[in-house]
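Shown next, in structure tokens, is the structure this report addresses.
For this chain, numbers begin at 1 and follow the sequence in order.
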Amino acid sequence: MSGAAMNQALNRWLFLLVLVLFAGSLATGPVLWPWRLGNEVGWAIVWELRVPRATLGLLIGGALGLSGAALQGWLRNPLVEPGVIGVSACASFAAVCAFYSGLAAAFTLALPLAGIAGAALAVALLMAAVRAGTGTVTLLLMGVAINAVAAALISLVLGLSPNPFAYQEISLWMAGSIADRDLRYLLIAAPFISAGGIVVLGAGRWLDALSLGEDVARSLGADTGRLGLRLTLGVGLMVGAATSVSGVIGFVGLVAPHLVRARVGNRPGATMIPSMLLGAALVLVADIIVRFVPTAYELQLGVITALVGAPFLVRIIHRARSAWLAT
């Protein structure tokens, strides 16, 4: 079987897996298959609660998986994930400010809108760095700096918060969740995630060229500066919109590309669509799991992804160290 045929087969299987998990998400909850109730309450549970939640899980997981694949291909670093560039941290800080100022309580959509504004600030800073012609190492350092400043500001706001209930609410939100997200959140996030996905997916062939080195990529016609701006904008749109409605869901963008890369011939461009589908599947699985765990309150989604992702990161580091020692 040719490489293209294998890629298509993998995409089909992952697409079917996402469909099954999406249906499973609709059926998971205190009432199984509520549309069988045959009344307005049952359909309200489906359309007003479960459909937005499942669709957000699909979109957010797909955005994180695609962002991780694009960043790892662009920066040529297998340990890069969307949170590294600072967009998630800036979106979180803006959302924390919405909590602290009382806007989140006065206006429901203030939280996701603030998150998108914070993500836009991070994207502007990163695009300025790319436009200045700095290398990928400098860009990573810029992301580290943005993360550090945003984390410090979040800690400052939490320390100044006089309300312990607000502190608890902020901490829970930052752990990541798509519970109780209605259609309004979906309508806010979906356009930004879709636009970012279109921007990033169109850069697949240039990522393949870049894997051969910047000089080779330029000789093939790639404008590496414009490519960096394009990927920064696309990833910023996706990650910012995802974080603004769900909080920080870690490790999905790191794990998904690694699980599919070897099956597509280690080509960055071919990794993106399978990573997007697998990222959606991972978030849907995690969201189904949190509804089955017998706790007093529903676990945060970021807890499950961290429990799975952290050991996976250790495994990646161990394999990289073993390969280095073998050489």
Give a yes or no on whether [X] atom [atom1] has more than 12 heavy-atom contacts from other residues, nucleotides or ligands under 6.0 Å away.
X    : atom1 : value
N266 : CG    : yes
F15  : CZ    : no
F192 : CZ    : no

Shortest non-hydrogen contact from [X] to [Y]?
X    : Y    : value
V252 : G65  : CG1-N, 4.4 Å
L284 : L58  : CD2-N, 4.0 Å
M238 : S67  : CE-OG, 3.2 Å
A256 : S275 : CB-O, 3.7 Å
P78  : H258 : O-NE2, 2.6 Å
A91  : G115 : CB-O, 3.3 Å

Please check if any side-chain donor atom of R291 sits under 3.5 Å from a side-chain acceptor atom of S25, or the reverse. yes
Just verifying a value: how many Å separate [X] [atom1] and [Y] [atom2], rounded to the nearest 0.5 Å?
X    : Y    : atom1 : atom2 : value
F22  : I288 : CZ    : CD1   : 10.5 Å
Y185 : D180 : OH    : CG    : 9.0 Å
L71  : T232 : CG    : OG1   : 8.0 Å
L16  : L277 : CG    : CG    : 10.0 Å
L121 : F93  : CG    : CZ    : 9.5 Å
N147 : S88  : CG    : OG    : 8.0 Å

Validation row: [X], [Y] side chains within 4.5 angstrom (heavy atoms):
X    : Y    : result
I146 : I85  : no
L153 : V96  : no
L126 : M142 : yes
R50  : T28  : no
L75  : V84  : no
R267 : N7   : yes
I60  : V245 : yes
V264 : P274 : yes

Set out, in order, the CA-CA distance, both residues' side-chain angles and the distance that settles side-chain contact (heavy atoms from CB on, under 4.5 Å) for T271 and L207, then state yes or no. CA-CA 10 Å; T271 304; L207 286 178; over 6 Å; no
Joint cluster assignment, [X] & [Y], ILVMFWY side-chain distance < 4.5 Å:
X    : Y    : result
V308 : V303 : no
M272 : V199 : no
V248 : V239 : no
M174 : L156 : yes
V290 : L21  : yes

If only atom types and distance count, is the side chain of [X] paired as donor or acceptor with the main-chain N or O of [Y] below 3.5 Å?
X    : Y    : result
R181 : L56  : no
T55  : P52  : no
Q72  : V80  : yes
S246 : I178 : no

From the options V283, I289, L282, select the one residue that forms a side-chain contact (heavy atoms from CB on, under 4.5 Å) with V285. I289
